[in-house]
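These notes concern the structure reproduced below.
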Amino acid sequence: MLSTDKENNYPRFIKLRVITDYTGLSLKKNIEKCCVLLHDALINTDSEKGFNTLNEEIQVKNEKISYEEKDHRLLWLNIIIGNIKNNITGIYHGITKREMPLFLNEQKYSFTLSLTVIHIKNPSKMLINSALFEGLLL
């Protein structure tokens, strides 16, 4: 999951988790466990019906994506996933199933660290926003 200020902006935070079961109830359980869902927030998906189980807690924009468009809705998600795949094959030369959660946490840390350097002028705001995204502050 990515958190942005406006639709299709550069993400402020990412949340990476291993999901073994891609059914609606499993997705809902995993997302509710790791994120705070607000009614005024929007989740963009690529017409995956499993996300429709979140309609009561959050707005769901569940439409087919035209990936030929230069600035499609899931552009940053695709860029970040592409970078993660390149790290797996290029830097780590593959990882095991057991190492996947550790690898995803490392990728999340690297992304957050790069944003902290960008937002160094106001680091306390960055930490508070990060804690809210992680569900630590309510």
Side-chain angles (χ1 to χ4, degrees):
M1 293 194 86
L2 305 177
S3 173
T4 60
D5 291 327
K6 297 177 187 168
E7 190 167 319
N8 221 11
N9 268 6
Y10 189 81
R12 295 183 305 159
F13 312 105
I14 62 172
K15 188 69 173 178
L16 303 170
R17 291 179 61 103
V18 176
I19 297 177
T20 55
D21 183 13
Y22 213 64
T23 61
L25 292 176
S26 176
L27 283 173
K28 183 177 180 176
K29 185 173 135 184
N30 275 301
I31 291 171
E32 287 176 339
K33 188 185 295 185
C34 70
C35 298
V36 177
L37 301 177
L38 303 173
H39 289 287
D40 59 340
L42 173 71
I43 186 169
N44 281 312
T45 70
D46 60 348
S47 70
E48 176 58 47
K49 294 187 182 357
F51 288 100
N52 289 334
T53 58
L54 295 168
N55 273 334
E56 295 173 5
E57 291 85 9
I58 193 169
Q59 298 175 43
V60 177
K61 190 172 184 179
N62 198 359
E63 302 169 350
K64 188 171 181 169
I65 304 290
S66 173
Y67 291 102
E68 288 80 31
E69 292 179 20
K70 184 180 179 185
D71 200 24
H72 61 82
R73 288 187 294 122
L74 299 180
L75 176 68
W76 285 107
L77 180 65
N78 290 342
I79 290 171
I80 291 171
I81 289 173
N83 290 342
I84 290 172
K85 284 182 178 180
N86 287 337
N87 288 345
I88 290 173
T89 58
I91 296 172
Y92 296 93
H93 305 294
I95 57 175
T96 64
K97 202 183 236 187
R98 192 183 100 215
E99 297 164 333
M100 183 61 93
L102 297 172
F103 172 77
L104 293 177
N105 283 335
E106 180 183 340
Q107 296 299 304
K108 181 183 119 184
Y109 174 79
S110 297
F111 182 83
T112 306
L113 184 64
S114 68
L115 279 179
T116 304
V117 171
I118 292 170
H119 293 92
I120 200 72
K121 292 181 181 177
N122 198 352
S124 60
K125 183 178 177 185
M126 178 72 176
L127 291 174
I128 290 171
N129 286 337
S130 177
L132 282 171
F133 185 68
E134 294 293 328
L136 301 175
L137 297 176
L138 298 175

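For the numbers below, each heavy atom of this structure counts, side chains included, while hydrogens, waters and symmetry mates do not. Here the structure is a predicted model, which means the values were calculated and not measured.
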- [ ] Give a yes or no on this: more than 12 heavy atoms of other residues, nucleotides or ligands lie within 6.0 Å of atom NZ of K49.
- [x] no

Task: Spatial distance of atom CD1 (I19) from atom NZ (K29) [nearest 0.5 Å] - done: 12.0 Å

Task: Short side-chain donor-acceptor distance under 3.5 Å, Q107 and N87 - done: yes

Task: Donor-acceptor pair, side chain of N55 and main chain of N52, under 3.5 angstrom - done: yes

- [ ] Might you point out which heavy atoms bring H72 and S66 nearest each other, and give the distance in Å?
- [x] CB-O, 3.6 Å

- [ ] Output, in order, the C-alpha distance, side-chain angles, deciding distance and verdict of side-chain contact (heavy atoms from CB on, under 4.5 Å) for Y67 and N78.
- [x] CA-CA 10 Å; Y67 291 102; N78 290 342; 3.2 Å; yes

Open item on the list: According to a hydrophobic-cluster definition based on side-chain heavy atoms being under 4.5 Å apart (Ile, Leu, Val, Met, Phe, Trp, Tyr only), do I91 and I81 belong together?
Closed with: yes

- [ ] Look only at the side chain of E57 and the backbone of L38, and say whether a donor-acceptor pair between them is shorter than 3.5 Å.
- [x] no

Open item on the list: Please evaluate residues L104 and R17 with respect to the criterion side-chain contact (heavy atoms from CB on, under 4.5 Å), reporting the C-alpha separation (whole Å), side-chain torsions for both, the decisive distance (0.1 Å), and the verdict.
Closed with: CA-CA 7 Å; L104 293 177; R17 291 179 61 103; 5.7 Å; no

Task: Euclidean distance, N44 CG relative to L42 CG, rounded to 0.5 Å - done: 4.5 Å

Task: Donor-acceptor pair between E48 and T45 side chains, under 3.5 angstrom - done: no

- [ ] Please report the C-alpha distance between I80 and I14 in whole Å, then the side-chain angles of each, then the deciding distance to 0.1 Å, and finally whether the side-chain contact (heavy atoms from CB on, under 4.5 Å) criterion is met.
- [x] CA-CA 9 Å; I80 291 171; I14 62 172; 3.8 Å; yes

TODO: Without swapping roles, check the side chain of R73 against the backbone of E63 for a donor-acceptor pair under 3.5 Å.
DONE: yes

Open item on the list: Looking at every non-hydrogen atom in both residues, tell me the closest pair between V18 and M100 and how far apart they are.
Closed with: CG2-CG, 3.3 Å

TODO: Mind listing the closest non-hydrogen atom pair of K28 and L54 along with its distance?
DONE: CG-CD2, 3.6 Å

Task: Exceeds 12 heavy-atom contacts within 6.0 angstrom, atom CG of L25 - done: no

TODO: For S26 and T23, indicate whether the former's side chain and the latter's backbone hold a donor-acceptor pair under 3.5 Å.
DONE: no

- [ ] Determine the minimum heavy-atom distance between P101 and K97, stating which atoms define it.
- [x] CD-O, 3.7 Å

Task: Nearest-0.5 Å distance, CD of residue E56 to CG of residue L37 - done: 12.0 Å

- [ ] Could you grab the distance from atom CD of E69 to atom CG of L74, nearest 0.5 Å is fine?
- [x] 11.0 Å

- [ ] To the nearest 0.5 angstrom, please state how far the CG atom of D46 sits from the CD1 atom of I65.
- [x] 6.5 Å

Task: Euclidean distance, S110 OG relative to I84 CD1, rounded to 0.5 Å - done: 9.5 Å

- [ ] Return the minimal non-hydrogen interatomic distance between L75 and D71, and the atom names on each side.
- [x] CD2-OD1, 3.5 Å

